[in-house]
Number of protein chains: 2
Amino acid sequence: MDESEFLASYDPRAFPPVAVTVDVVALTIREGALHVLLVRRGEQPHAGRWALPGGFIRPAEDLAEAAVRELAEETGLTPRVHIEQLASYGAPDRDPRMRIVSVSYLAFAPHLPDPRAGSDAADAAWHRADRLPELAFDHGRILGEGLERARAKLEYTPLATTFVGETFTISELRGVYETVWSVPLHAGNFHRKILSVPGFVESTGETTESGGARGGPRAKLYRAGDARLLHPALLRPAREEEVR
Amino acid sequence: MDESEFLASYDPRAFPPVAVTVDVVALTIREGALHVLLVRRGEQPHAGRWALPGGFIRPAEDLAEAAVRELAEETGLTPRVHIEQLASYGAPDRDPRMRIVSVSYLAFAPHLPDPRAGSDAADAAWHRADRLPELAFDHGRILGEGLERARAKLEYTPLATTFVGETFTISELRGVYETVWSVPLHAGNFHRKILSVPGFVESTGETTESGGARGGPRAKLYRAGDARLLHPALLRPAREEEVR
DNA sequence: ACAATAGTGTCTTTGAGACAATATGGA
DNA sequence: TCCATATTGTCTCAAAGACACTATTGT
């Protein structure tokens with residue numbers, strides 16, 4: 001039997017049924033705090049509970065496409081978001097309906113608008129990452145791993161620039177790091193450090209229109225540079241506890 | 001309709017059929033070179049071609065369990081291997097049979113034996129990572145990403161100790177780094193660096209029975225320490241090309 | 001005037017890496 | 001003996017972080 005004969009006789013329904021979903025951990029910063037997008041489930045199971053936006057993949061669609069589509073469908077958010085794969089979860093009992101394997105994605109974007117509820121979701125809203133409700137399925141774990149991934153990626157990629165606007169000040173960038181890492185950073189040292197990493201930011205030659213809300217000089221404006229990796233990296237303050 | 005009524009009326013077959021497989025990138029070092037475990041496919045499609053060991057997940061089995069089982073079944077390898085999830089691949093046309101989403105795993109182990117062919121595989125063998133044949137499906141890409149992940153993890157985790165025996169010398173450890181990274185490292189600096197990372201290795205108080213094959217003093221023996229992350233990390237020599 | 005902030009200067013400490021030196025044991 | 005290797009020492013440079021200082025702007 002050659003390959004074409006084999007394929008003609010092949011019955012896909014012979015395998016036990018499995019479904020594949022994508023779930024998205026979408027992050028943004030609003031009002032100085034890290035926020036996660038959650039939807040309130042409108043259908044069983046776990047109806048009424050908060051969950052990550054997501055859903056079943058469609059036949060001719062790649063995984064990342066499905067993640068972008070679900071984000072748009074359930075929340076009305078359609079900006080060009082950075083999206084990257086996080087991990088997959090397939091414990092046999094993670095969904096009571098049937099065997100479901102979920103591929104999770106991480107999405108970042110600057111000052112996103114309030115979402116509108118879409119078809120599957122009764123409600124969609126940004127939640128502060130430090131004050132989260134109990135989530136449906138194993139979404140609490142997925143979200144936790146997404147947050148940790150985002151924190152880690154700030155260290156060695158220019159990810160932070162995707163949380164700010166087209167142009168930004170070094171202080172705004174510092175705000176992103178402080179918010180996501182939940183640590184205060186030294187303004188002077190941070191400033192010098194950012195400018196010393198080749199390709200992280202490039203000057204626009206402009207400055208802000210006015211000083212800060214509580215005074216101070218006008219800050220220079222920068223835009224994201226062409227670096228894809230930061231070298232040397234910006235390491236988080238040592239976390240001895242996490243090492244062993 | 002409450003949740004139990006909903007589940008009773010739920011028909012899993014209503015969704016388009018998808019299958020989930022696991023594929024394993026198993027790495028070891030033999031004869032001073034990094035090797036990858038490949039199996040020759042015994043069935044259609046791609047019969048006769050080399051591929052990563054793997055296969056369909058079973059109903060009551062978690063993803064990581066499936067990866068370990070497939071590795072054992074197809075190759076006869078059953079040692080306690082480190083295994084960790086790599087990524088998932090779900091392009092609609094990646095398998096001609098049907099829609100298949102593959103979750104890939106990375107496995108490491110020290111001086112593994114020659115595999116024996118299992119049920120699904122006509123043949124199984126270790127291949128040098130720098131001389132690979134063309135692989136079935138998108139396994140070439142998966143393997144490439146697995147190798148890069150392994151190289152990166154050597155930097156900030158004690159992964160290298162899983163490639164050597166229970167006890168080892170600093171030189172053996174250096175050999176792992178040199179092999180996986182394909183770069184020569186300075187013996188003296190490497191030695192001091194390893195001993196300066198808290199919890200990476202701990203002394204056994206013993207030394208090797210005899211000096212090296214071509215002479216030299218007996219080296220002290222170490223075992224893996226309790227660190228889960230290396231701090232400070234062992235960074236690869238700067239790769240300017242990869243930064244932009 | 002006062003306070004807050006942007007940006008720069010300086011110093012200390014740590015760590016990476018180049019290079020040298022010493023000691024040991026196999027062939 | 002000769003040579004490869006293990007281990008330690010020394011020096012230089014890069015970078016992180018603490019701290020101080022100046023300049024600018026809003027209130």
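What's counted below: heavy atoms across the whole structure, side chains too, no hydrogens, waters or symmetry copies. Note that the structure is predicted; figures quoted are calculated from it, not measured. We name chains A, B, ... by the order of the sequence lines, and we start the count at 1 in each one.
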Check against side chain to side chain contact (heavy atoms under 4.5 Å, CB included), A:Val180 and A:Leu27: CA-CA 10 Å; A:Val180 178; A:Leu27 302 177; over 6 Å; no
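D:dA6 atom P lies 11 Å from atom CZ of B:Phe190, rounded to whole Å. Taking atom CZ of residue A:Phe168 and atom C1' of nucleotide C:dA6, one finds them 16 Å apart after rounding to whole Å. Taking atom CD1 on A:Ile194 and atom C1' on C:dT8, their separation rounds to 16 Å, with Å as the unit. In this entry the distance linking CG of A:Leu230 with C1' of D:dA14 reads 17 Å, nearest Å. For B:Leu195 and D:dG9, the CG to C1' distance is 15 Å, given to the nearest whole Å. Taking atom CD on B:Glu172 and atom C1' on D:dA6, their separation rounds to 13 Å, with Å as the unit. In this structure, the CG atom of A:Leu185 is 15 Å from the P atom of C:dT5, given to the nearest Å. Atom CZ in B:Arg236 sits about 19 Å away from atom C1' in C:dG15, given to the nearest Å.
Using a 4.0 Å heavy-atom criterion, one finds that B:Thr169 contacts no nucleic acid atom at all. At the heavy-atom level, A:Ser196 lies nowhere under 4.0 Å from the strands shown.
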Where protein sits on nucleotides 18-27 of chain C, one letter per nucleotide: B base, S sugar-phosphate only, - none, heavy atoms under 4.0 Å: BB----BBSS
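The minimum heavy-atom distance linking B:Ile83 with B:Ala67 is given by the pair CD1-CB, 3.7 Å. For the pair A:Ser102 and A:Val22, the tightest heavy-atom approach, listed with the atom from each and the gap, is OG-C, 4.5 Å.
Using modelled atom types, one finds no donor on one side chain facing an acceptor on the other under 3.5 Å when comparing A:Thr204 with A:Thr167. Counting only N and O atoms by type, the side chains of B:Glu70 and B:Tyr105 include no donor and acceptor under 3.5 Å apart.
Atom CD1 of A:Ile170 sits about 4.5 Å away from atom CG of A:Leu195, to the nearest 0.5 Å.
Between C:dG7 and A:His191, a contact under 4.0 Å exists linking OP1 or OP2 to a side-chain N or O.
Between B:Phe137 and B:His139, the ring planes lie tilted relative to each other; the angle falls in the 30° to 60° range.
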